[in-house]
Structure formats: structure tokens, C-alpha cells
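Right, one structure below, let's go through it.
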Amino acid sequence: MTKQGQFKADLLQRRLTLVSQVAGLNTEILKLTQMLGGTEMEALRLELEIGREGAEPQLVRNLHEVDERATAIRSRQRMYEDQIASAEEAIAEIDRLLEESAGS
């Protein structure tokens with residue numbers, strides 16, 4: 001294989017790896033979205049219960065814990081979104097290099 005051919009093969013392999021990573025990260029984001037939905041439903045349930053029974057200390061603690069869990073989930077989602085954006089930039093750069101090498 002020529003140097004040019006090896007270069008293209010390496011780029012394609014790197015691109016494939018990045019696309020696979022993006023797919024995996026998207027899967028994780030979807031899982032987190034489902035978790036967040038459940039967590040938000042739990043927060044609403046607790047808020048309704050507090051509205052009916054008053055701000056009992058245990059209910060308030062439970063709501064606080066649920067809110068913290070939701071915040072942590074959103075933070076993980078943002079982290080994955082940042083990783084996806086970075087991988088997509090790398091994919092775009094690889095595509096640019098592949099396009100340039102196609103003219104050679």
C-alpha cells in the first residue's frame with residue numbers, strides 16, 4: 001500500500017472510531033434523558049405531596065435529593081454533548097483531509 005493509501009486508510013479508521021463514539025454517546029444521552037424524565041416526575045410528585053401535606057422535613061429532604069439527582073443528570077448530559085461536539089469537529093476535519101487527498 002502506498003503512503004497515500006495508508007494515510008487514507010488511517011483517516012477512515014479514525015473516522016469510523018469517532019462515529020462509533022458519537023453513536024455510543026448519543027445512546028448514553030438517551031438513557032440519561034429517560035432517567036431525567038423519571039426524576040422530574042418524582043420531583044413533581046413530591047411537590048404535590050408537599051402542597052397537600054405541607055413542607056414536612058422528610059418530604060423537603062426527598063425533594064432536595066431528587067433535585068440534586070436531576071442536576072447531576074443534566075451535568076452528565078452536557079458533558080456527553082460536549083464530547084459529541086468535539087468528536088464531530090474531528091470528523092469534519094477528517095472529511096476535509098479525505099476530500100483534499102481525493103484530489104491527489
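Hydrophobic clustering keeps V66 apart from L36 (ILVMFWY residues linked when any side-chain heavy atoms are closer than 4.5 Å, directly or through intermediates). At a threshold of 4.5 Å between side-chain heavy atoms, the hydrophobic network of Ile, Leu, Val, Met, Phe, Trp and Tyr places M79 and L32 in one connected group. When the side chains of ILVMFWY residues are joined at heavy-atom separations under 4.5 Å, either directly or via intervening members, L25 and L30 end up in two distinct hydrophobic clusters. In terms of hydrophobic clustering, with Ile, Leu, Val, Met, Phe, Trp and Tyr side chains grouped at heavy-atom distances under 4.5 Å, M35 and L63 are assigned to different clusters. Residues F7 and L98 share a single hydrophobic cluster, defined by chaining ILVMFWY side chains whose heavy atoms lie under 4.5 Å apart.
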### Query
Under the side chain to side chain contact (heavy atoms under 4.5 Å, CB included) criterion, do L11 and D95 qualify, and how do the steps go?
CA-CA 8 Å; L11 286 176; D95 289 346; over 6 Å; no

### Message
One pair to check against side chain to side chain contact (heavy atoms under 4.5 Å, CB included): H64 and V60. What are the steps and the verdict?
### Response
CA-CA 6 Å; H64 181 68; V60 172; 5.6 Å; no

#### Entry: Check against side chain to side chain contact (heavy atoms under 4.5 Å, CB included), L59 and E53
CA-CA 9 Å; L59 290 175; E53 297 181 20; 4.2 Å; yes

### Task
Just do the side chain to side chain contact (heavy atoms under 4.5 Å, CB included) check on N62 and E65 with the steps written out, would you?
CA-CA 5 Å; N62 291 349; E65 289 171 5; 4.2 Å; yes

### Worked verdict on E99 versus R96 for salt bridge (Lys or Arg N to Asp or Glu O under 4.0 Å)
CA-CA 5 Å; E99 189 174 316; R96 186 188 63 74; over 6 Å; no

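Inspection of the Q77 and R74 side chains reveals no N or O donor paired with an N or O acceptor under 3.5 Å.
A salt bridge is absent between E81 and R78: the closest approach of a Lys/Arg side-chain nitrogen to an acidic carboxylate oxygen does not fall below 4.0 angstrom.
Between I73 atom CD1 and Q34 atom CD the span is 11.5 Å, to the nearest 0.5 Å. Distance check, rounded to the nearest 0.5 Å: CD1 of I94 to CG of D10 gives 10.5 Å. Rounding to the nearest 0.5 Å gives a distance of 10.0 Å between CD of Q21 and CG of L16. Between atom CD1 of residue I91 and atom CZ of residue R15 there is a gap of 6.0 Å, rounded to the nearest 0.5 Å. Once rounded to the nearest 0.5 Å, the distance linking CD of Q6 with NZ of K8 reads 12.5 Å. Atom CD1 of residue I29 and atom OH of residue Y80 lie 8.5 Å apart, to the nearest 0.5 angstrom.
Between V22 and N26 the shortest side-chain heavy-atom distance falls below 4.5 Å.
Proximity of a side-chain donor or acceptor of T17 to a complementary backbone N or O of Q13 within less than 3.5 Å is detected.
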